[in-house]
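Remarks on the structure that follows.
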Amino acid sequence: MQNELPRKVTLVEVGIRDGLQNESAPVTTEQKIALLGMLTEAGLRRLEAGSFVSPRWVPQMADTAAVFAGLPEVNGVTYSALTPNEKGLEAALAANVKEVAVFGSASESFSQKNINCSIDESLARFEPVVSKAKAKGLTVRGYVSCVLGCPYEGYIAPAATARLASALTAMGCDEISLGDTIGTGTPLATAAMLEAVKEVVPLPQLAVHFHDTYGQALANILVALQHGVSIIDSAVAGLGGCPYAKGASGNVATEDVLYMLNGMGIDTGVDMTALLKASRAVSLIINRKAQSKVAAALHSDEPAL
Ligand code: HMG
Ligand code: MG
């Protein structure tokens with residue numbers, strides 16, 4: 001562990017992808033574009049806007065090409081999308097996407113449930129996706145899911161997470177996002193996992209992605225910061241969950257991460273007031289209170305949903 005905290009952190013806003021992929025309330029393409037616009041206004045510079053996956057598996061993301069077609073170009077802003085295979089990458093290239101993500105799992109069972117193949121098969125599938133995307137000049141993120149626990153297998157050893165993170169890095173992924181998909185991780189387990197991954201992935205290329213099912217995300221993020229990680233995934237209003245991870249609740253709320261980082265004097269470039277507007281807007285669209293302590297505290301004068 002290193003003790004000096006990063007002075008700057010990049011927040012990767014995943015709410016419009018990770019959040020809305022799990023949402024049963026209908027959200028229109030225009031609403032997604034408007035929400036992404038509000039989040040960009042708030043100062044977020046990296047935002048996941050959708051997934052080029054099978055619409056039979058995740059119907060909520062079926063309009064991803066239309067979302068990209070409607071997004072304005074904003075200087076310094078990158079909108080990204082998930083691409084599980086070459087078909088997904090082709091669709092992303094046609095939509096002029098500049099950053100894509102492949103997503104594998106440290107757990108065999110979750111790999112099967114989420115992308116219908118084994119870990120080794122997934123690596124073979126990702127290889128041409130990563131090499132073609134790189135050849136076209138795209139940035140590629142590699143997700144590792146179930147880094148601290150699996151809904152089907154329970155405990156996942158740090159070595160299993162490190163093995164996949166290492167393979168994705170060797171393949172050419174520019175960044176590895178470590179996903180606590182079901183939010184069961186606790187701080188010491190997070191530290192052990194990060195120690196193993198830091199052996200095989202350069203620190204500036206590491207991101208953390210915590211779901212907050214058991215209320216552990218901020219504590220785990222603090223551990224990650226103490227390990228020098230400076231890229232944090234979060235979702236406005238604490239949206240989120242994976243349809244293939246039973247019991248997975250929302251991602252840690254962007255508002256709550258921002259409050260903690262502001263309090264620690266860590267720069268993100270994100271404005272809380274503007275972010276809360278986006279949080280309120282998405283909550284009204286899906287007709288559910290934000291899963292965020294900060295939104296609850298600072299929106300206490302707004303009419304209840
Ligand atoms: P499969 O059924 O094994 O694929 O699914 P297939 O190649 O046999 O194709 C079957 C059908 O799907 C065919 O259509 C293909 O054309 C179509 P048909 O001929 O039957 O009409 N198809 C596609 N359509 C659109 N886009 C594509 C595509 N690929 C095939 N890219 C597949 C394999 C990976 C496609 C499927 O399992 C899938 O779409 N899975 C997506 C699961 C998903 O999106 N999960 C949520 C995201 S991951 C997550 O949330 C975790 C994360 O947040 C990190 C964390 O929290 O840990 C990232
Ligand atoms: Mg996730």
Side-chain angles (χ1 to χ4, degrees), residues 12-23 48-65 80-95 97 99-107 109-119 121-126 128-129 132-133 140-152 156 160-161 164-165 168 173 175-185 193 207-213 217 220 231-235 238-254:
V12 179
E13 173 57 51
V14 298
I16 304 306
R17 191 279 303 170
D18 204 345
L20 298 185
Q21 75 182 10
N22 207 37
E23 199 45 61
E48 275 187 356
S51 301
F52 293 99
V53 297
S54 161
R56 276 201 228 154
W57 284 61
V58 188
Q60 295 91 332
M61 295 290 114
D63 64 344
T64 296
S80 60
L82 302 193
T83 53
N85 52 20
E86 287 185 87
K87 188 176 170 92
L89 177 66
E90 291 308 322
L93 289 170
V97 176
E99 181 178 323
V100 294
V102 293
F103 48 105
S105 169
S107 135
S109 317
F110 185 71
S111 182
Q112 291 289 354
K113 299 272 186 202
N114 196 40
I115 50 173
N116 207 21
C117 62
S118 71
I119 295 173
E121 283 164 348
S122 76
L123 290 172
R125 217 183 253 184
F126 298 153
V129 178
K132 282 186 190 167
V140 184
R141 169 176 254 218
Y143 274 104
V144 182
S145 284
C146 296
V147 299
L148 291 165
C150 166
Y152 311 100
I156 296 293
T161 296
L164 197 66
L168 291 171
C173 289
E175 180 175 292
I176 301 296
S177 179
L178 300 164
D180 183 11
T181 318
I182 51 168
T184 51
M193 182 275 292
V208 287
H209 176 110
F210 288 104
H211 287 258
D212 202 25
T213 321
N220 294 337
I231 307 168
I232 299 173
D233 298 359
S234 60
L239 297 170
C242 176
Y244 299 101
K246 219 169 159 242
S249 76
N251 291 85
V252 65
T254 309

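Whatever order the structure lists them in is the order used to number ligands and atoms, beginning at 1.
Not a single N or O atom of F103, backbone or side chain, sits closer than 3.5 Å to an N or O atom of ligand 1. Ligand 1 has an N or O atom lying under 3.5 Å from an N or O atom of N116, backbone or side chain. Here's the thing with D180: none of its N/O atoms is less than 3.5 angstrom from an N/O atom of ligand 1.
Under the 4.5 Å side-chain criterion, counting only non-hydrogen atoms from C-beta, I182 is not in contact with L148. Between V140 and F126, every side-chain heavy-atom pair lies at or beyond the 4.5 Å cut-off. No side-chain heavy atom of S111 sits under 4.5 Å from any side-chain heavy atom of S145.
A donor-acceptor distance shorter than 3.5 angstrom exists from the side chain of T64 to the backbone of S51, with no hydrogens or angles considered. E86 places no side-chain N or O within 3.5 Å of a backbone atom of P128 that could act as its donor or acceptor partner. At least one donor-acceptor pair under 3.5 Å links the side chain of H211 to the backbone N or O of S249. Checking side-chain atoms of D180 against main-chain N and O of G185 turns up a donor-acceptor pair under 3.5 Å. At distances below 3.5 Å, not a single donor-acceptor pair connects side-chain atoms of S234 with backbone N or O atoms of E13.
Separating the NZ atom in K87 from the CG atom in L89 is a distance of 12.5 Å, to the nearest 0.5 Å. For the atom pair CZ of R141 and CD of E175, the computed distance is 4.5 Å after rounding to the nearest 0.5 Å.
Heavy-atom contacts of S145 reach the following atoms of ligand 1: 51 (C), 54 (C), 55 (C), 57 (O) (cutoff under 4.0 Å). Residue R17 has at least one heavy-atom neighbour below 4.0 Å for each of these atoms of ligand 1: 47 (C), 49 (C), 50 (O), 52 (C), 53 (O), 58 (C). Listed by number with element, the atoms of ligand 1 under 4.0 Å from a non-hydrogen atom of H209 are 53 (O), 54 (C), 55 (C), 56 (O). Taking a cut-off of under 4.0 Å to the non-hydrogen atoms of G88, the atoms of ligand 1 that pass are 31 (N). The distance from ligand 1 to the heavy atoms of L82 drops below 4.0 Å at these ligand atoms: 47 (C). Proximity to P55 (heavy-atom distance under 4.0 Å) selects the following atoms of ligand 1: 24 (N), 25 (C). Of all the atoms in ligand 1, the ones that sit under 4.0 Å from a non-hydrogen atom of H211 are 56 (O).
Annotation for Q112 and S118: closest pair NE2-N, 3.4 Å, computed over non-hydrogen atoms.
Remark: among candidates V58, I115, V102, the nearest residue to atom 32 (C) of ligand 1 is I115, based on non-hydrogen atoms. Of the listed residues (N22, N114, V53), the one carrying the non-hydrogen atom nearest atom 48 (S) of ligand 1 is N114. Scanning S51, S54, G19 for the heavy atom closest to atom 39 (O) of ligand 1 points to S54. With E121, Q60, R56 as candidates, the residue nearest to atom 18 (P) of ligand 1 on a non-hydrogen basis is R56.
Proximity of V147 to ligand 1, defined as any heavy-atom pair under 4.0 Å, is not found for any part of the residue. Residue contacts with ligand 1 for P84 involve side-chain atoms from C-beta outward but no N, CA, C or O (heavy atoms, distance under 4.0 Å). Residue contacts with ligand 1 for N85 involve side-chain atoms from C-beta outward but no N, CA, C or O (heavy atoms, distance under 4.0 Å). The parts of T181 lying near ligand 1 are both backbone and side chain, judged by heavy-atom distances below 4.0 Å. Only the side chain of W57 comes within contact range of ligand 1, with a heavy atom under 4.0 Å; no backbone atom does. Contacts with ligand 1 closer than 4.0 Å are made by side-chain heavy atoms of D18 only, the backbone lying farther away.
Classified by interplanar angle (parallel below 30°, tilted 30° to 60°, perpendicular above 60°), the ring pair H209/Y143 is perpendicular.
The atom name of the N/O/S atom in D18 closest to the Mg ion (ligand 2) is OD2.
Between H209 atom NE2 and H211 atom NE2, the angle centred on the Mg ion (ligand 2) amounts to 90° (nearest 10°).
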Steps toward side-chain contact (heavy atoms from CB on, under 4.5 Å) verdict (E48, D233): CA-CA 10 Å; E48 275 187 356; D233 298 359; 5.8 Å; no
